[in-house]
Amino acid sequence: MHSEITMNEIGLSRIGPACPLQTAGEDLLFDRLKSLFFVYLMSVYYSPSIGRALGLGDTNIRPDMFVMVLAFAILIFTPRDLPQANRVEWIGVWLGLYWLSSLVTALVSLAFLGGQVAATIAPLTGVLKPLMVYLIFFLWVRGSSAIQRLEMVYMGLLLSMPLMLIAIGQFVNFPHVRDISNTYYGHIGLRGGTLVLQMMLGGRACSTFDGEPNQFGTFCIIALSCCTVAAIYIRKRSMLQCGLFLAFALTLFGLLLSWSRGAMGGLAAGLLLIAILTSPLRWMKIALGFLLLAVAVGPFLPLASTMRVIQLATLRNQHGAPIYSEREAIWRANVDLWKKDPLFGVMGVPVPAPDNLAIGLGSLTGISGLLMMSAALSSAFWMGLSQFRRWARIARERSDPELLARCALNLMVAVTTLAVVVNGASAPTVIEPRVLEPYWALVAIVTAPFAGLAGVAIRHTGSARSAAHDGMGVNAGIVQQNS
């Protein structure tokens, strides 16, 4: 792409040094799209652990689930005119079938495999969550412009910066962060809390992700994938780009502090896809930025973090064995459980954390659930990739902010999906709490039908017939995308 999106075009020109907080506050209060997204992300980013650590009580009701129920109520009681899609929304279909197959799994486990009712409820509601998140945001943003949605993604990236600051605070043993971590992990009887504190003292950070550095690493690659794509489309020397660069730098540092080799491998795969799909000049600028940041933060990293990068490059751990050898016993235990019911899996039976997306899906929901989730992820990747290529071809001949925003959004989905799937070699990623929420929200925000796009000539699709075949509605020379 030879054009870039400016601050004025994404609606941030009013934010200036005089009243940035007032303007941002007004947007969050009165902008329907931003308000739900802001509240939901805050409930996901800053988990109930923070409230418990501050002495605000202990509860099993997650705030993000409450937001989902509230959003359903809003959608039911405040109907709006929504553009109709002229194709099947296959991602939602696959996620729905994934939950239905999981329901069968729960019934089979309870009836024949010794599953416990109380232990079955949590995973059963957990497998419903991707569908819930996808449907809510799909319906919520449907009919909005790509520029509005891109602004939501930028807001999510900027809101994540405190997460990185908390991780850095854990790394440098900042007093307030240390006190909250000690309170949460040391005084409420959290299983493995002592090990988590020892891990932090060794230089490994998990931010607010409940002692799970691999979850934190997965979140970092989602944010970094979006930041990298955003850097391609935002005008240089703008205030927004400065904020994104800061978010990028902090998130990269956070990823390295997580020590997550799988997340680092996922990021490398995502960056390779960006290099293949974008112009060499733009890719060289991004690669140079990565190199400069790596040189800048390298001296501040613990030796163990640097060694994890080397282990990923050599595929050998510190003992010279294959890096997957540390997880073989856990994988074997989950596969043995999976063998009890290969088709539907087993639910409600205690088992070690799978530390692998495919094995986790198989042991929990069987081959049926594995196939349904694989189809959903494949649909998300292919839709992002194909839509990016379509709009990129049109944008080469016609510079339009809306076109460029659609390119950016679809590329974000393709890159992020590839990154989390590659990371799935060592983590459950898209079915993991605190990680699945931002991923499926991003997929829904990008794949919901857009508002009409004026002024795009039919010649880019060859003919009106091919345009209709590609999923675009043509009316008096105007193209409206419904994908």
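Along the sequence shown, residues are numbered consecutively beginning with 1.
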(request) Over all heavy atoms of both residues, which pair between Ala205 and Pro213 is shortest? Give the atoms and the distance, please. (result) O-CB, 3.5 Å

(request) Dump the intermediate steps for side chain to side chain contact (heavy atoms under 4.5 Å, CB included) on Val420 and Val435, then the final yes or no. (result) CA-CA 10 Å; Val420 296; Val435 173; 5.6 Å; no

Enumerate donor-acceptor pairs with a distance under 3.5 Å from any side-chain N or O in residues 159-169 to protein atoms, sequence neighbours excluded.
{"unit_1": "Ser160", "atom_1": "OG", "unit_2": "Leu157", "atom_2": "O", "d": "2.6"}

(request) Please name all residues satisfying side chain to side chain contact (heavy atoms under 4.5 Å, CB included) with Ala230, sequence neighbours left out, ordered by chain then number. (result) Tyr154, Leu244, Met412

(request) Before giving the answer on side chain to side chain contact (heavy atoms under 4.5 Å, CB included), spell out for Leu256 and Met264 the whole-Å C-alpha distance, their side-chain angles and the decisive distance to 0.1 Å. (result) CA-CA 8 Å; Leu256 294 173; Met264 296 175 192; 4.1 Å; yes

(request) Anything under 30° is parallel, anything over 60° is perpendicular, the rest tilted; go ahead and classify His176 against Phe174. (result) tilted

(request) Please confirm whether the backbone N or O of Met383 pairs with a side-chain atom of Ser386, one donor and one acceptor, at under 3.5 Å? (result) yes

(request) Measure the CG-CH2 distance between Leu131 and Trp94 for me, rounded to the nearest 0.5 Å. (result) 14.0 Å

(request) Any chance you could measure Leu255, atom CG, to Phe216, atom CZ, to the nearest 0.5 Å? (result) 8.0 Å

(request) Check Leu409 against Ala146 and note the closest heavy-atom contact, atom names and distance. (result) CD1-O, 3.5 Å

(message) Looking at Thr208, is its backbone amide N or carbonyl O close enough to the side chain of Arg434 to form a donor-acceptor pair, meaning the two atoms are under 3.5 Å apart?
(response) yes

(request) Name all pairs fulfilling the salt bridge (Lys or Arg N to Asp or Glu O under 4.0 Å) condition that reach into residues 413-426, sequence neighbours left out, sorted by first residue then second. (result) none

(message) I'd like to know if the side chain of Gln311 reaches the main chain of Ile323, judged simply by a donor and an acceptor atom lying under 3.5 Å from each other, with no hydrogens or angles considered.
(response) no

(message) To the closest 0.5 Å, what do you measure between CZ (Arg142) and CH2 (Trp140)?
(response) 15.0 Å

(message) Ignoring hydrogens, what is the shortest heavy-atom contact between Ala441 and Phe137? Give both atom names and the distance.
(response) CB-CD1, 3.9 Å

(request) Just do the side chain to side chain contact (heavy atoms under 4.5 Å, CB included) check on Trp338 and Ile367 with the steps written out, would you? (result) CA-CA 9 Å; Trp338 185 1; Ile367 295 174; 3.9 Å; yes

Extract all donor-acceptor atom pairs below 3.5 Å that involve side chains of residues 342-356 and protein atoms in other chains or at least two apart in sequence.
{"unit_1": "Asn356", "atom_1": "OD1", "unit_2": "Ala358", "atom_2": "N", "d": "3.0"}
{"unit_1": "Asn356", "atom_1": "OD1", "unit_2": "Ile359", "atom_2": "N", "d": "2.9"}
{"unit_1": "Asn356", "atom_1": "ND2", "unit_2": "Ala425", "atom_2": "O", "d": "3.1"}

(request) State the OG1-OH distance between Thr447 and Tyr134, to the nearest 0.5 angstrom. (result) 3.5 Å

(message) Do Val415 and Phe388 have side chains that approach each other closer than 4.5 Å (heavy atoms only, starting at C-beta)?
(response) no

(request) For the residue pair Leu442 and Cys226, establish whether any side-chain heavy-atom pair is separated by less than 4.5 Å. (result) yes

(request) Would you check if Pro438 and Val44 make a side-chain contact, meaning some heavy-atom pair closer than 4.5 Å? (result) yes

(message) Are Phe138 and Pro449 packed together at the side-chain level, in the sense that at least one heavy-atom pair is separated by less than 4.5 angstrom?
(response) yes

(message) Does Arg149 qualify as a cation-pi partner of Phe450, given the criterion of NZ or CZ under 6.0 Å from the six-membered ring centre and within 45 degrees of its axis?
(response) yes

(message) So which atom in Gly369 and which in Tyr98 form the shortest heavy-atom distance, rounded to 0.1 Å?
(response) O-CD1, 3.5 Å

(request) State, with a plain yes or no, whether a side-chain heavy atom of Leu224 is found less than 4.5 Å away from one of Leu271. (result) no

(request) Grab the two heavy atoms, one from Ala408 and one from Val229, that are nearest each other, plus how far apart they are. (result) O-CG1, 3.4 Å

(request) For a side-chain hydrogen bond (donor to acceptor under 3.5 Å, both in side chains) with Tyr439, tell me which candidate from Thr429, Thr417, Thr218, Thr416 qualifies. (result) Thr417

(request) Of all the heavy-atom pairs spanning Ser363 and Gly360, show the shortest one and how long it is. (result) OG-O, 3.3 Å

(request) Mind checking side chain to side chain contact (heavy atoms under 4.5 Å, CB included) for Ser260 and listing every partner two or more places apart, or none if nothing turns up? (result) Asn214, Ser258, Ala263, Asn423

(request) Over 60° means perpendicular and under 30° means parallel, so classify the ring planes of Tyr45 and Phe219, tilted if in between. (result) perpendicular

(request) Say whether, by atom type as modelled, one donor and one acceptor occur between the side chain of Arg308 and the main chain of Trp259 under 3.5 angstrom. (result) yes

(request) Kindly compute the distance separating CG (Leu418) from CG (Leu272), expressed to the nearest 0.5 Å. (result) 8.0 Å

(message) Is there a side-chain contact between Ile431 and Thr365 in this structure, where contact means two heavy atoms from C-beta onward sitting under 4.5 Å apart?
(response) no

(message) Can you tell me how far apart CG (Leu95) and CE (Met372) are? Round to the nearest 0.5 Å.
(response) 11.0 Å

(message) Suppose we screen for side chain to side chain contact (heavy atoms under 4.5 Å, CB included). Which residues come up paired with Asn173, at least two apart in sequence or across chains?
(response) Arg178

